[in-house]
Amino acid sequence: REAANFVRLTFWSVLSAPLWIAGAFADGDTRLLLWVAAVALDIIFAEPDRFEGTGRSPDEMLADTLREGRVVLGYAMTFDGHSGQAPCILHPLGLAIMRRDDSAEEPFFRSTGAICNLSVLSEAASVSGFLNAAPDPDGLLRRAPVLIARDGHVYPSLALTAFTSVFGTRNVSLRVANVNSSSLLLDNRTVPLDGRSSPPRIRSRVDLPEPEAPMIASVSPARTCSST
C-alpha cells in the first residue's frame with residue numbers, strides 16, 4: 001500500500017508541477033486557468049444583491065463568470081414538507097441504478113424542496129450540488145450523503161459534482177447490494193456507500209459499534225448569503 005501511495009503522489013506531483021510553475025509567472029485570469037481545476041461555492045445566493053447603482057448588477061456580472069464554466073454552485077435540500085422556492089433550477093445527475101431485484105429500496109434521502117440560488121445564476125451555471133450534511137450524536141461530522149432524491153430525480157452533492165467536473169466523469173451508476181450497502185461507480189472508480197448514499201463512517205483503530213444513522217440536516221435561509 002505504501003508503494004502504491006508513493007506512485008500516486010509522484011504521478012500527481014509530476015502532472016501538477018508544470019502548471020504550478022507556469023502559473024507563478026502568469027497574471028490574473030491566466031494564473032487561475034493554470035492553477036484552478038474547478039471552483040465549488042459553498043454559498044447560497046438566494047437573495048438579489050442590494051445594488052442601487054446604474055448599469056449591470058453584480059448578480060449579472062457574476063452570472064457572466066459562471067457561464068465561463070468550471071464553477072459549481074451550492075444549494076440546500078429541505079425535508080420539512082414544504083416545496084421551497086419556486087421556480088428552482090437544479091442540475092440532476094444522470095444516474096443508472098442497478099439492483100439485484102426491483103423490490104430493493106432505493107438508498108436515498110428524499111427531499112421535499114430546496115433553497116436555491118437566484119435563477120439568473122442557476123441558469124448561468126452548468127453544474128450544481130447540494131450542501132446538506134449532519135453530524136453524529138457526539139457532534140462530529142464523519143460522513144455526508146453524496147446523493148439525494150427529489151421529484152423523481154437524483155441530485156449530487158457539491159463534492160461529487162466538483163469531482164466529476166474536475167475528472168470529466170462520463171459514466172455514473174449506482175449498484176445497490178441491499179438496503180444497507182451500495183457502490184457508486186464513477187467511470188473506473190468505485191466508491192462504497194451505506195444505506196443512505198453516504199461514504200462509510202471513519203472508524204478508529206478500535207472497532208466500535210456503529211451509532212444509529214442520523215437524520216439529515218437542512219440548511220435554513222438564515223444561513224444563506226446574498227452575492228456581493
Side-chain angles (χ1 to χ4, degrees), residues 40-50 59 62 66 71-95 97 103-164 172 174 176 179-182 184 191 193-202 210-228:
L41 299 177
D42 59 347
I43 303 172
I44 303 175
F45 299 96
E47 299 176 357
D49 189 274
R50 291 186 288 273
D59 293 329
L62 177 58
L66 296 179
V71 179
V72 184
L73 283 182
Y75 58 88
M77 291 294 193
T78 59
F79 301 84
D80 54 7
H82 299 289
S83 60
Q85 298 166 254
C88 196
I89 302 173
L90 307 178
H91 302 90
L93 183 66
L95 181 70
I97 303 176
S103 62
E105 181 184 354
E106 291 185 350
F108 309 122
F109 288 104
R110 293 192 172 277
S111 167
T112 58
I115 300 171
C116 47
N117 296 279
L118 297 170
S119 59
V120 64
L121 302 179
S122 298
E123 290 173 352
S126 59
V127 290
S128 59
F130 61 80
L131 300 170
N132 301 74
D136 283 332
D138 61 2
L140 296 179
L141 183 63
R142 294 183 175 89
R143 62 177 184 173
V146 295
L147 301 170
I148 290 179
R150 179 187 178 221
D151 294 338
H153 297 285
V154 178
Y155 296 88
S157 67
L158 185 74
L160 177 58
T161 304
F163 178 90
T164 56
V172 182
L174 183 70
V176 181
V179 70
N180 295 314
S181 177
S182 58
L184 183 64
V191 181
L193 303 177
D194 68 4
R196 279 293 179 264
S197 297
S198 302
R201 283 184 173 86
I202 301 173
E210 287 277 4
E212 295 182 359
M215 292 297 292
I216 191 166
S218 297
V219 180
S220 64
R223 296 177 61 184
T224 62
C225 299
S226 61
S227 55
T228 56

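Here the structure is a predicted model, which is why all the values come from computation and not from measurement.
Side chain of Asp49 to backbone of Asp59: no donor-acceptor contact under 3.5 angstrom is found. No donor-acceptor distance shorter than 3.5 angstrom exists from the side chain of Asp136 to the backbone of Asp138, with no hydrogens or angles considered. Counting only distance, with no hydrogens or angles, the side chain of Asn117 and the backbone of Ile44 share no donor-acceptor pair below 3.5 Å. At distances below 3.5 Å, at least one donor-acceptor pair connects side-chain atoms of Thr78 with backbone N or O atoms of Gly113. Put simply, the side chain of His91 gets close to the backbone of Ala125: a donor and an acceptor are under 3.5 Å apart.
No option in Leu174, Ile148, Thr164, Leu147 other than Leu147 meets the side-chain contact (heavy atoms from CB on, under 4.5 Å) test with Leu93.
Residues Tyr75 and Ser128 come closest through the heavy atom pair CE2-OG, 3.5 Å.
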Exercise. Please report the C-alpha distance between Ile43 and Leu73 in whole Å, then the side-chain angles of each, then the deciding distance to 0.1 Å, and finally whether the side-chain contact (heavy atoms from CB on, under 4.5 Å) criterion is met.
Key: CA-CA 8 Å; Ile43 303 172; Leu73 283 182; over 6 Å; no

Exercise. Go through Val72 and Leu41 one step at a time and tell me if the side-chain contact (heavy atoms from CB on, under 4.5 Å) criterion holds.
Key: CA-CA 6 Å; Val72 184; Leu41 299 177; over 6 Å; no

Exercise. Test Leu90 against Ser122 for side-chain contact (heavy atoms from CB on, under 4.5 Å), laying out the working first.
Key: CA-CA 7 Å; Leu90 307 178; Ser122 298; over 6 Å; no

Exercise. Please report the C-alpha distance between Leu121 and Ile89 in whole Å, then the side-chain angles of each, then the deciding distance to 0.1 Å, and finally whether the side-chain contact (heavy atoms from CB on, under 4.5 Å) criterion is met.
Key: CA-CA 9 Å; Leu121 302 179; Ile89 302 173; over 6 Å; no

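Residues Met77 and Phe79 are in side-chain contact: their nearest non-hydrogen atoms beyond the backbone lie under 4.5 Å apart. Side-chain contact between Phe109 and Asn132 is absent, with no heavy-atom pair separated by less than 4.5 Å. Proximity of Pro145 to Phe130: side-chain heavy atoms (C-beta onward) are separated by under 4.5 Å at one or more points. Phe108 is listed as a side-chain neighbour of Val154, based on a closest heavy-atom distance under 4.5 Å.
Between atom CG of residue Asp151 and atom OG of residue Ser111 there is a gap of 8.0 Å, rounded to the nearest 0.5 Å. With rounding to the nearest 0.5 Å, the separation of CD1 in Ile115 from CG in Leu131 is 10.0 Å.
Listed by chain and number, the residues in a side-chain hydrogen bond (donor to acceptor under 3.5 Å, both in side chains) with Thr161 amount to none (sequence neighbours excluded).
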